[in-house]
Visitor: 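Sharing a structure here in structure tokens format.
Lettering follows sequence order; numbering is per chain, from 1.
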Amino acid sequence: MSYITLALAKGRTAKSSISLLKNIDIHFPGFHEESRKLVFYDKEEKIKLVFVKAVDVPTYVEKGAADIGIVGKDNILESQADVYEMLDLKLGKCKFVVAGKSQQLEEKQKLTIASKYPVIAIKHFQKKGQSIETVKLNGSVELAPLIGLADYIVDIVETGNTINENGLTIIEEIEDISTRLIVNKASFATKSENIRQFINSLKSGLE
Amino acid sequence: MPPYIVDTNNGTSVEDFQIREKLLAKLKKRFTTYGYKQIRTSTFEYYDMYSTVKGTVNKDDMIKVIDSSGKVLVLRPDVTIPITRMAAVSKQDSLRLFYVLDIFRQSIEQADTKENTQAGIEYFGENTSENNAEVLMLAIHTLKDLKLPNFKIEIGHAGFFKALIAEASLSQTEMDQLLALIQSKNIAEIELFLSELSINNDVKRAIQSIPMLYGNPTDVIRQAEEIILNEEMQLLLENLREVYEVLKNYGAEDSIVFNLGLINHMNYYSGIIFQGFADSVGKPVLMGGRYDNLGKQYGAAVPAIGFAFDVDLLLHALTRQEAFPDQAPSADMIIYYEKEKQKNALTTAFRLRSEGYQVLTFLTGTTNTIDSKSAIHYENNQNVLIHNNEKRTFTNFTELYENILQFGKGDM
């Protein structure tokens, strides 16, 4: 029987995802977080795990390089990948927010927004009818308003501590984020049995 | 000069082109056996033809050109629309047409692929389960020809969801949101989304179950019966069931699954819709459906159903599975000749080519690396035919040709 390829996001949710899989009796014996290996097989050889950067998971799944993926909603939204999003694993819960130095948004013709997630920033402000310019940053986004690179930031927050410690306030909440199970549309058709079985057992593992 | 890379599209090398032609030949042959005739449409179309028709191609995606009188033209972004217009004007009944044409679209996400080859069919005929099933069977038959293992056709219905959603009055924004959620089978968020709307609980329950109405047709039909809310839904589901019955008589039930959560972004579809998936290709290799209302926009109601293969994706699928055998040698035979016998050699080449053989000619002593099934040598003192290390001499063309035919039989 052919195996399913599962793309798992490296980073903060990897460990909890692996233990979730353990709960439903899928073990990856060679796996530990410091390992340099990128491909693992489970004991029954039903699942091939590829360990990739979180932002790349939607791409792997959309292109069919992986049949299913476990990744944060933030990366799914940003990539706008055309995939099935079939389960909320309720791990790594956080929020997308707009934050800045002031308590509310300025009335300006055009706002400059710094973010790791420009697509999400553009979509959010488009809905409000506010035109913006985005500055794509890859980290320490909180710095941008402080040194005048941007008016506001769009970022994910878990507790809000980083935002507060840098003297910023959360102005708006955009959307709740958590880890999701995504599925390639072609794989869902061609490997329907295996994938649906996997989803169902994962679902029961969540309850 | 700066190094331009104009076309990053695959398939511009000689080998790729041969593979592509072979694939296209298979597709064309299969389309022909179901009674379809090939046509082409103009590369340039009027922008207005596409922009005024509701639910066709995204205006931003079209590649526009301006002609000398200032009219805006587009490079053919779709084939179905011009063919439908043609059929609406001609008012012929039961027209079966196929095409292999490039379509041109641009998008920010796919900036490097503006050109795409589609091979598709359009059948202008009544909406009956026999007609619908025949078109589906043609798609399945073609995929079988290509020997793609494990392909599946997902069948849904554009009208079924429309009839359901008519029970809930949603604003356009709400509708768009819901469609996106259903397309991604995002059940968790659909539940959340619906809980904030004030609609009837039966309707909510029905909408929620739509994404998972997927799989074995008999099961899906049984599950779908439980969420029927009005007569139209009942009728459409019955249509789907009839199509499935006909497909069973074709013996094609293994190749299909039902997916009532399938909502195509081309809004012109009015009835049954479907897409085909192959192993290890992330995107549908074929898409199609019934569009009975499109013709009305051109002044005549012409019921029609059609589909198109994405040729580039098919090629990708085939090369991934290495379903292509080794390349055939570039020539059937090579003739080597001494200058004195040039007339004999070239006459022979002409006659063999007339018989349909691939023939190359070289002066004796020319070095080349071309491989061929057999070689013919016109030497000063003798003429030799060599085939699989077996040598035969001959004096004239009749003798040569008899030998070639004999060897030919041995190869079979």
Visitor: Just how far is it from atom CG of B:Asp279 to atom NZ of A:Lys191, taken to the nearest 0.5 Å?
Guide: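 Rounded to the nearest 0.5 Å, the CG-NZ separation comes out at 6.0 Å.
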Visitor: Assess whether atom NZ of A:Lys90 is packed by more than 12 heavy atoms of other residues, nucleotides or ligands within 6.0 Å.
Guide: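 Not more than 12 within 6.0 Å, no.
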Visitor: For B:Glu154 and A:Lys185, work out which heavy atoms get closest and say how close.
Guide: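 It is OE2-O, 4.2 Å.
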Visitor: Rounded to the nearest 0.5 Å, how far does CE of A:Met86 lie from CD1 of B:Ile187?
Guide: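 Output value for this atom pair is 5.5 Å.
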Visitor: Distance check, rounded to the nearest 0.5 Å: A:Phe188 atom CZ versus B:Asn259 atom CG?
Guide: 7.5 Å
Visitor: For residues A:Thr190 and B:Phe277, report the shortest heavy-atom separation together with the two atoms involved.
Guide: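 So the two residues come closest at CG2-O, 4.0 Å.
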Visitor: I need the B:Lys185 NZ to A:Leu87 CG distance, nearest 0.5 Å.
Guide: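 Rounded to the nearest 0.5 Å, the NZ-CG separation comes out at 13.5 Å.
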Visitor: Is it true that atom CZ of B:Phe309 has more than 12 heavy atoms of other residues, nucleotides or ligands lying nearer than 6.0 Å?
Guide: yes
Visitor: Name the option with the most non-hydrogen atom pairs under 4.5 Å to chain B; the candidates are A:Glu62, A:Glu85, A:Glu193.
Guide: A:Glu85
Visitor: Taking the side chain as every heavy atom from C-beta outward, state whether A:Arg180 and B:Glu189 have any pair of such atoms under 4.5 Å apart.
Guide: yes
Visitor: Which atoms of A:Ser187 come close to chain B, meaning under 4.5 Å heavy atom to heavy atom: side chain ones, backbone ones, both, or neither?
Guide: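 Neither part; nothing is under 4.5 Å.
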Visitor: Does NZ in B:Lys204 sit with more than 12 non-hydrogen atoms of other residues, nucleotides or ligands closer than 6.0 Å?
Guide: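 Buried by this count: over 12 neighbours within 6.0 Å.
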Visitor: Compare every heavy atom of A:Ala186 with every heavy atom of B:Ala278, then report the nearest pair and how far apart it is.
Guide: O-CB, 4.3 Å
Visitor: With a 4.5 Å heavy-atom cut-off, do B:Tyr214 and A:Arg196 have their side chains touching?
Guide: yes
Visitor: Please determine whether the number of non-hydrogen atoms from other residues, nucleotides or ligands lying under 6.0 Å from atom NZ of A:Lys53 exceeds 12.
Guide: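 No.
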Visitor: Around atom NZ of A:Lys136, are there more than 12 heavy atoms of other residues, nucleotides or ligands at under 6.0 Å?
Guide: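 Buried by this count: over 12 neighbours within 6.0 Å.
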Visitor: Under a 4.5 Å heavy-atom cut-off, does chain B meet the side chain of A:Lys73, its backbone, both or neither?
Guide: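 When you check distances to chain B, only side chain atoms of A:Lys73 fall under 4.5 Å.
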